[in-house]
Amino acid sequence: MTDTKSALITGSLGGIGFATAKALAGLGCDITLNGFAGADIIEACLAEIRALGVRARYHPADLRDPAQIADLISSTQQAHGGLDVLVNNAVVRYFGAVENFAPEQWDEALAVNLSAPFHTIRLALPGMKAKGWGRIVNIASIYGLFATVNRIDYITTKTALIGLTRAVALEVARTDITCNAICPGTVLTPAIDWRLRQEMQRDGTTFEQAEEAFLAIRQPSRRFVKDDNVAGLIAFLCGPHGADINGAALPIDGAWAAGR
Ligand code: NAD
């Protein structure tokens, strides 16, 4: 990148979001972090980004609230001279069969996983158009491409997020703005680590056995996708060679989708 860009990654105090923040800082972007965590974690994340030689700030917006999303976008534009790279990464996940699924959890998942990207994009696009350049990356999932049981909120919102991506991509197709979706397979983030530890306890297995059983019914590679590799793919889309990729839903999944 030639001039300094401003990047916002939602839900970026750990996991794929923080890996992405570091990758975009590596491209020279000033970074805005967001998400829920204690003050010590926020400070440690900011320090790690600043050590890469860029500016870093944190905004505590609760993405369930459109007014807080509006402040997240406008304050980022003011603090970092615009918003050039938008990564919609934050997520909530609940588990359960549709007939037992709590309506309030459904509403929250729609708000965070789908409506928040709609709001961030609608608010960021005018500034990107005025500058004549922008990159939007929506973190969907392999579960945006096919379904599984007991995850009605996740499957529905990730599938719709790919539709949102395609619709936005067509609207910006004649500009230097792109909008793509990433569809990771299973990445060993804290959320997945927690699930494996639950399964260890339930089944009385070691972590390695739980990991093997978890991957055996998912990824033909039999290994987790690395969060740094997801971040690297996002950085590629935001770099100079990403310009002609628009409206894609890109799997990064150890051949999981290939076998469906
Ligand atoms: P994570 O659970 O570690 O992080 C989610 C983040 O979202 C957290 O920082 C949390 O604070 C934030 N968040 C939740 N509700 C929020 C709200 N109301 N307002 C603001 N922030 C909020 O996530 P992860 O596992 O790193 O996944 C990141 C993205 O990648 C998600 O979109 C997820 O669906 C996708 N993904 C992950 C995997 C995986 O295996 N981990 C696989 C496929 C797709």
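These numbers were taken from a predicted model, which means no experiment stands behind them. Atoms within each ligand, like the ligands themselves, are counted from 1 in listed order.
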What is the nearest protein non-hydrogen atom to [atom], stated with its residue, atom name and distance?
{"atom": "atom 1 (P) of ligand 1", "value": "Arg93 NH1, 4.0 Å"}
{"atom": "atom 19 (N) of ligand 1", "value": "Leu63 N, 2.9 Å"}
{"atom": "atom 36 (N) of ligand 1", "value": "Tyr154 OH, 3.5 Å"}
{"atom": "atom 41 (N) of ligand 1", "value": "Thr189 OG1, 3.0 Å"}
{"atom": "atom 11 (O) of ligand 1", "value": "Phe36 N, 2.9 Å"}
{"atom": "atom 12 (C) of ligand 1", "value": "Gly11 CA, 3.7 Å"}

Legend entry - Worked check of side chain to side chain contact (heavy atoms under 4.5 Å, CB included) between Val112 and Val91: CA-CA 6 Å; Val112 175; Val91 70; 5.6 Å; no

Distance filter under 4.0 Å to [X] heavy atoms, resulting ligand 1 atoms:
{"X": "Ala61", "value": "19 (N), 20 (C)"}
{"X": "Val187", "value": "39 (C), 40 (O), 41 (N)"}
{"X": "Thr186", "value": "40 (O)"}
{"X": "Asp62", "value": "17 (C), 18 (N), 19 (N)"}
{"X": "Lys158", "value": "31 (C), 32 (O), 33 (C), 34 (O)"}
{"X": "Val92", "value": "14 (C), 15 (N)"}

Could you pull out, from [options], the option with a heavy atom nearest to [atom]?
{"atom": "atom 3 (O) of ligand 1", "options": "Gly15, Cys45, Pro184, Ala140", "answer": "Gly15"}
{"atom": "atom 31 (C) of ligand 1", "options": "Ile192, Asn89, Asp193, Asn138", "answer": "Asn89"}
{"atom": "atom 42 (C) of ligand 1", "options": "Gly35, Ala90, Ser141, Gly185", "answer": "Gly185"}

Inset, instruction - Measure Ile139 to ligand 1 on non-hydrogen atoms and call it side chain, backbone, both or neither using the 4.0 Å cut-off. - result: both

Legend entry - For ligand 1, the portion of Val91 having any non-hydrogen atom under 4.0 Å away: both

Legend entry - Ile16, any N or O under 3.5 Å of ligand 1 N or O: yes

Inset, instruction - Check each of Lys5, Lys129, Lys131, Arg135 against Asp84 using the salt bridge (Lys or Arg N to Asp or Glu O under 4.0 Å) test, and report the only one that passes. - result: Lys131

Inset, instruction - Would you please say whether a donor-acceptor pair under 3.5 Å links the side chains of Asn88 and Thr120? - result: yes

Inset, instruction - Decide whether a cation-pi geometry holds between Arg218 and Phe214; the criteria are a distance under 6.0 Å from NZ or CZ to the six-membered ring centre and an angle within 45° of the ring axis. - result: yes

Legend entry - pair Leu13-Phe18: side-chain heavy atoms closer than 4.5 Å: no

Inset, instruction - Quick one: sort the Trp106 and Phe101 rings into parallel, tilted or perpendicular, breaks at 30° and 60°. - result: perpendicular

Legend entry - Asp62 and Arg64 ion-paired at < 4.0 Å: yes

Legend entry - Residues, nucleotides or ligands: over 12 heavy atoms within 6.0 Å of Arg223 CZ: no

Legend entry - Test log, rule side-chain hydrogen bond (donor to acceptor under 3.5 Å, both in side chains), inputs Asn138 and Thr165: CA-CA 7 Å; Asn138 296 320; Thr165 302; 2.9 Å; yes

Inset, instruction - Indicate, with yes or no, if Leu72 and Ile9 share a hydrophobic cluster defined by side-chain heavy-atom contacts under 4.5 Å among Ile, Leu, Val, Met, Phe, Trp and Tyr. - result: no

Legend entry - Stepwise side chain to side chain contact (heavy atoms under 4.5 Å, CB included) test for Val85 and Trp133: CA-CA 9 Å; Val85 175; Trp133 193 93; 4.0 Å; yes

